[in-house]
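The block underneath contains the structure these notes are about, expressed in structure tokens.
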There are 2 protein chains.
Amino acid sequence: MPATIRDVARASGVHISTVSRTFSAPHLVNPETRVRVLACAEELGYRPNRAARALITGRTHNIGLIIADIANPFFPPLIKAAEGQARHRDYHVFVADTNEDPAAEEELVHALAKQVDGVLLCSPRMSNALIEQVSREVPVVVINRQVTGLPCVMMDVGQGARAAIEHLLGLGHRQLALLGGPRGSWTNQQMRRAAGAAARSGGAELTVLGPNPPTETGGSALATQVRDSGVTAVLAYNDLMAIGLIEGLDHLGIRVPQDVSVVGVDDIALSRLTRPKLTTVATPTAAAGRTAVDMLLQHDSELRPRGGGRAAAVGDRRTTAQVMLQTELVIRDSTGPLPGRSRPGSVPDGPGPHRLADPGSPTVTTGGVVAS
Amino acid sequence: MPATIRDVARASGVHISTVSRTFSAPHLVNPETRVRVLACAEELGYRPNRAARALITGRTHNIGLIIADIANPFFPPLIKAAEGQARHRDYHVFVADTNEDPAAEEELVHALAKQVDGVLLCSPRMSNALIEQVSREVPVVVINRQVTGLPCVMMDVGQGARAAIEHLLGLGHRQLALLGGPRGSWTNQQMRRAAGAAARSGGAELTVLGPNPPTETGGSALATQVRDSGVTAVLAYNDLMAIGLIEGLDHLGIRVPQDVSVVGVDDIALSRLTRPKLTTVATPTAAAGRTAVDMLLQHDSELRPRGGGRAAAVGDRRTTAQVMLQTELVIRDSTGPLPGRSRPGSVPDGPGPHRLADPGSPTVTTGGVVAS
DNA sequence: TTCTTCACTGCAAACCTTTGCAGCAACCGG
DNA sequence: CCGGTTGCTGCAAAGGTTTGCAGTGAAGAA
């Protein structure tokens, strides 16, 4: 039913190669011929078959985006930013969700491999070794993880966690807890290390609870543990867990921030909607999406050798940069002074969130260019 | 670099067709040969090129899912359900986001057309005529919209809106407002019609405000209008708008539900997290995702004719069913009795949500099978 | 022994497109 | 009038796979 290039050629009385050129190199064909061909194509509803084109050009003009959990509101801004950036470069993004399952992750990248020019691996749960292996099959940019030899875009959650801990120390807290995220998460490691160091150097004690599923339920399930541990302030792996925890504490009759302070990570839209509004470490998710697409497509314009070897596909790994994006602590209403010293009952509604305008572009390249 | 079928054939000393059969019809090849071929394939890291396979079989084993806005928490459960169902049938789902833009929508389905076996059009914003047109290019199942002659899965928001209005009437409200959704939304029409009828037959007045963007901001922007209109209860197009409205009213010093009652639609996870918890119309989004995939793939097993015509691709339209899924009103804390009669200050925390277990499968086929 | 059947494998066409090369006509400068 | 350039078009190979058909050898039946 769908018209092929041959149908158009027949209808317009030219060779198929002329039709092909009409679409992929219009300047090579006579204007008169061109309009005739275009008219026929229009009439027949012809659209070039991208799969067939990909077979020979080696370019699909698609990129894959693999993420752990679409339902986590952390991802949509990243997805949208990546889509927008890709669209500018005439690429499409296919999103796939792995349900936090490393096996599904691997299967997906294999399924995607031949249908896309590269994949963005976002917050991968699989091992570094496996990532390196799949990166030999298809160009990969890793988001939210550092793996040597591969292009990565990371968010400096270590710095964020440190800022959060220091904020809590400044409020007088000395008994702190960290709600760990999922096993296999690089972010989790970074936070743990940085938070631990910050707490130690502030003379405070940090209890680590976890690993846990990085969801609201994961957070609320920890409420009793948090209560029993006697801590007065908590840093959660992400906002969802923080919100879940607040919810769970509420059920136990523990108030936030009067009795316990809670800090999240991500600054998802939701964190502005809950009561109390969440103090959190804002991560530049949109910038991460844009940057990752740029890195994957940086060699876009390079010509592809015909015949000889396979395509020097997009994202040729001759220079692999590693980019670290900055995070920022946004102070809202879920943190307050240590219970003992608080002016009871009143939450300081004072200065409100002291946050700079949306980071967007202040991307800091720490890794620079690394030869591989 | 990536190994092709030819490399494997050479390595294992057989013809490429044997290699091909080893993967797509193992019973046709000698067990000994098979293990040898598999071993070589394993060693070379060979994976069949799905694009090339699709070129000849006419089946990509991919399905496209086009949605208006990934950031809307309404969609993720649907996406996940569709992915799960597809995986069972050995299909992959590619998700794409249109940013609520009808033009992007059309472009996307064209881009997807040749790379998938069918597309799920979820809450489309384009015209019915356009949908019918693209459905001639690629099999389509429409979600959240009724278009005659095409398979559709809908949620009965009309019934939901009616139930919501009746709930509000029961609480004594007579001045009602409906916060409209985006232009081009079928759901919007259904709600408007049903809510209008229910209000009329209850002797109440219904003001329609809109159209509006179906987001939290869209809701909060309407706060002053709602105040000035003097209504005492509001039904919003979706939960996001409802939550935004509550937020906006809060800034104006108007309390929910004491001063104004608010009902949302969708029952997104978030609606259980805000304070007050949202009264809302629960929609069976997961079931919708599953059902849509099933409908698209129902002719999966049919053999494809070689040569002759093009593939009788998936979702052959010989019988096109239209399925209507039921919705359910979930009463929580954002609705209360008419201000005049209320016991001031206390929100009835009483019976809590009186909701049946997650609907899941109670899917009701209203349309039955329709010849096309 | 001869014929049939069977299990397996090879051959080659087909899917739809891109692209290097060659052909061809018209035009230009000399 | 000739050699060269320019602008356009056709030819055919290539890309990786599937699959109908035909061929092979061996086993079984008559």
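Here is how names work: the chains are called A, B, and so on, in the same order as the sequence lines, proteins then strands, and each is numbered from 1.
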Is there a side-chain contact between A/Ser17 and the phosphate of C/dT17, meaning an N or O under 4.0 Å from OP1 or OP2? no
Whole-Å distance separating the CZ atom of B/Arg21 from the C1' atom of C/dA7: 12 Å
Tell me, with the steps shown, if B/Gln85 and B/Leu297 meet side chain to side chain contact (heavy atoms under 4.5 Å, CB included). CA-CA 10 Å; B/Gln85 194 75 356; B/Leu297 263 33; over 6 Å; no
Do the side-chain N or O atoms of B/Ser20 get closer than 4.0 angstrom to the phosphate oxygens (OP1, OP2) of D/dT18? yes
Using only heavy-atom distances, determine whether the side chains of A/Gln146 and A/Gln322 contain a donor-acceptor pair under 3.5 Å. yes
Rounded to whole angstrom units, what separation is found between the CD1 atom of A/Ile56 and the C1' atom of C/dT17? 6 Å
Any base atoms under 4.0 Å from B/Tyr46, or only sugar-phosphate, or nothing? Heavy atoms, all strands. sugar-phosphate
How many Å lie between CZ on B/Arg10 and C1' on D/dG16, as a whole number? 13 Å
Taking C/dT19, C/dC16, D/dT18 as options, the one with an atom nearest any side-chain atom of A/Thr57 is C/dT19
Could you go through the side chain to side chain contact (heavy atoms under 4.5 Å, CB included) check for B/Phe94 and A/His92 one step at a time? CA-CA 11 Å; B/Phe94 291 153; A/His92 283 283; over 6 Å; no
Roughly, in whole Å, what's the span from CD1 in A/Ile16 to C1' in D/dG10? 10 Å
Whole-Å distance separating the NZ atom of A/Lys114 from the P atom of D/dT17: 7 Å
For the side chain of A/Thr33, counting heavy atoms from C-beta on, which of D/dT9, C/dG10, D/dG16 is nearest? D/dT9
Bend across the helix from C/dT1-D/dA30 to C/dG30-D/dC1, to 10°, with axes taken over 5 pairs at each end? 50°
Would you kindly give the CG-to-C1' distance between A/Asn49 and C/dC16, to the nearest whole Å? 6 Å
5' priority, DNA chain C, between B/Pro31 and A/Ile5 [closest heavy atom]: B/Pro31
Side-chain N or O of B/Thr18 less than 4.0 angstrom from OP1 or OP2 on C/dC8? no
Does any donor atom in the side chain of A/Asn62 or A/Gln115 lie under 3.5 Å from an acceptor atom in the other side chain? no
Which whole-number value in Å describes the distance from B/Asn30 CG to D/dA27 P? 13 Å
If I take atom NE2 in residue B/His27 and atom P in nucleotide D/dT19, what distance separates them, rounded to the nearest angstrom? 11 Å
Using a 4.0 Å heavy-atom cut-off across all strands, classify B/Val14 as base, sugar-phosphate, or nothing. sugar-phosphate
